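Worksheet: the structure to be examined is printed underneath.
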Amino acid sequence: MRTAVITPAAGRHRHLALQHRGLAAGSHAPEQYVVVAMDDPDLGAVLAGREPAARVVDCPVKNGNLPLARARNLGAARALEHGAELLVFLDVDCVPGEQLLERYRQVALDTEHRRSLLCGTVSYLPPPGPYGYRLAELPTLAEPHPGRPAPAAGELHRGEDYALFWSLSFAVTAGTWHTIGGFCEEYEGYGGEDTDYGQRARAAGVPLTWVGGAPAFHQHHPVSDPPVAHLRDILRNAETFHRRWGWWPMTDRLHAFAERGLAHQDRATGRWLLGPDRTPQRPRRGLPKHTTKRSETP
């Protein structure tokens, strides 16, 4: 089964270089390594002259919002044009474990799981030491993220909650990719497009399978909690998701924004809007001034 690894990237060159090293050290080398450069003309130099050979695909950025959905679709299209039968998507921050590609390939070859949306475990690494991360040490530095199923090596777990799907590390056969239909390109910037993809898989009747023994390791980078730098992206993409599926994604982040007065949910329409809630508060109904509360003590 000819395998392609697809990674969208904009910056994070050191992270991408370590991902490349991880692929080279793996037990199974990909037939293709497609890196989608989102307005990053210097990215090709990071990968030049190294194995596995990388094919860089340019993806323009409009309005400064990273088009992650479109980038993944472009990467998949290029891989399929060159004969890929299994598409493995990795976030630019993710370093593949030694067995990741081999394990995804093994499960995809099983007729029972060939139509599945395959998701490996992801462990969030602590900050690196002064000499960076060492590939051999990554499995000892962190456990898989507790918010997702984490089957043991060699085990599979059938998922029922498609809202748990995330795009950090997953794999689909070419046939399954066409069945789901790719990522919705209405999403731009941070958040929502992977949750949408999970719902597209559910609607298409594609099983969600969590794969043990296909680990990826997410390299540390500074983050804000909540991600206020992506406030407008999240509000816009949440609105798109709600229009498409009828419920709000990323509610923990939306409510965290509301607590800080950065956003609010309109009481009349239910929409999430920028800025604090300025709706006048109704006065609390109390006792008439001319009455005195009677003691309940006998």
Side-chain angles (χ1 to χ4, degrees), residues 1 3-8 15-16 18-34 52 68 72 75-76 79 84-110 112-125 133 135-174 176-177 180 183 193-195 197-198 201-202 206-220:
M1 181 172 281
T3 301
V5 173
I6 300 163
T7 298
H15 286 200
L16 181 64
L18 187 59
Q19 179 186 100
H20 201 179
R21 286 173 50 203
L23 290 172
S27 60
H28 178 81
E31 281 73 21
Q32 297 183 58
Y33 182 31
V34 181
L68 290 166
R72 294 192 186 99
E85 298 170 293
L86 178 64
L87 307 177
V88 177
F89 292 82
L90 287 177
D91 185 88
V92 67
D93 296 320
C94 284
V95 183
E98 182 180 357
Q99 304 292 324
L100 180 140
L101 291 185
E102 182 176 343
R103 179 63 172 146
Y104 273 147
R105 183 173 178 271
Q106 178 189 47
V107 177
L109 284 170
D110 187 333
E112 183 180 352
H113 303 290
R114 187 170 296 168
R115 291 187 60 257
S116 288
L117 175 57
L118 306 175
C119 296
T121 59
V122 178
S123 301
Y124 275 75
L125 298 172
Y133 294 114
L135 287 177
E137 296 176 354
L138 297 185
T140 69
L141 297 179
E143 295 294 325
H145 191 282
R148 300 294 188 279
E155 295 184 354
L156 302 172
H157 174 78
R158 174 68 181 271
E160 301 296 336
D161 187 356
Y162 285 78
L164 293 179
F165 169 78
W166 56 4
S167 56
L168 295 176
S169 171
F170 74 98
V172 287
T173 62
T176 302
W177 173 260
I180 297 174
F183 283 79
E193 86 288 342
D194 49 357
T195 310
Y197 188 78
R202 178 191 57 79
V206 171
L208 174 64
T209 301
W210 297 91
V211 180
F217 304 96
H218 187 281
Q219 300 171 75
H220 181 269

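Values below: every heavy atom of this structure, side chains too, minus hydrogens, waters and symmetry copies. Treat the numbers as computed from the prediction; the structure is a model and nothing was measured.
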Side-chain donor or acceptor of Arg72 paired with backbone N/O of Pro8 under 3.5 Å: no
Separation between OG of Ser27 and CD of Gln99, rounded to the nearest 0.5 Å: 3.5 Å
Interatomic distance, Leu138 atom CG to Thr140 atom OG1 [nearest 0.5 angstrom]: 7.5 Å
Nearest atoms (heavy-atom pairs only) where Arg21 meets Leu135: O-CD1, 3.8 Å
Closest non-hydrogen atom pair, Val122 against Trp166: CB-CZ2, 3.8 Å
Between CZ on residue Phe170 and CG on residue Leu118, distance to nearest 0.5 Å: 10.0 Å
Distance in Å, Gln219 CD paired with Leu18 CG, rounded so as to fall on 0.5 Å steps: 4.5 Å
Student check: side-chain heavy atoms of His113 and Pro207 closer than 4.5 Å: no
Test log, rule side chain to side chain contact (heavy atoms under 4.5 Å, CB included), inputs Val5 and Val34: CA-CA 6 Å; Val5 173; Val34 181; over 6 Å; no
Non-hydrogen side-chain atoms of Pro149 and Leu164 separated by less than 4.5 Å: yes
Under 3.5 Å, which donor-acceptor pairs link side chains of residues 84-94 to any protein atom two or more places apart or in another chain?
from	atom 1	to	atom 2	distance (Å)
Glu85	OE1	Arg2	N	2.7
Asp91	OD2	Asp93	N	2.9
Asp93	OD1	Arg12	NH1	2.9
Asp93	OD1	His15	ND1	2.7
Asp93	OD2	Arg12	NH1	2.7
Asp93	OD2	His221	NE2	3.3

Short side-chain to backbone donor-acceptor contact, Thr176 and Arg114, under 3.5 Å: yes
Test item: Ser167 side-chain N/O and Asp194 main-chain N/O as donor-acceptor pair under 3.5 Å: no
Aromatic centroids of His28 and Tyr104 separated by under 6.0 Å: no
Nearest heavy atoms of Pro151 and His157, plus distance in Å: CG-CB, 3.8 Å
Sub-4.5 Å side-chain heavy-atom contact between Arg105 and Glu102: no
Shortest non-hydrogen contact between His220 and Tyr133, atoms and distance: N-OH, 3.1 Å
Candidate pair Phe217 and Leu100, rule side chain to side chain contact (heavy atoms under 4.5 Å, CB included), full reasoning: CA-CA 11 Å; Phe217 304 96; Leu100 180 140; over 6 Å; no
Exercise: identify the closest heavy-atom pair between Pro30 and Leu101: CD-CD1, 3.6 Å
Within-4.5 Å side-chain heavy-atom neighbours: Ser123 and Leu141: no
Non-hydrogen atoms of Thr121 and Ala150 that approach each other most closely: CG2-CA, 3.8 Å
Test ring-ring contact (aromatic ring centres under 6.0 Å, His included) applied to His20 and Tyr33, step by step: CA-CA 9 Å; His20 201 179; Tyr33 182 31; 5.1 Å; yes
Partner residues of Ala201 under the side-chain contact (heavy atoms from CB on, under 4.5 Å) criterion, sequence neighbours left out: Leu117, Tyr162, Ile180, Val206
Check: Ala79 main-chain N/O paired with Gln32 side-chain donor or acceptor under 3.5 Å: yes
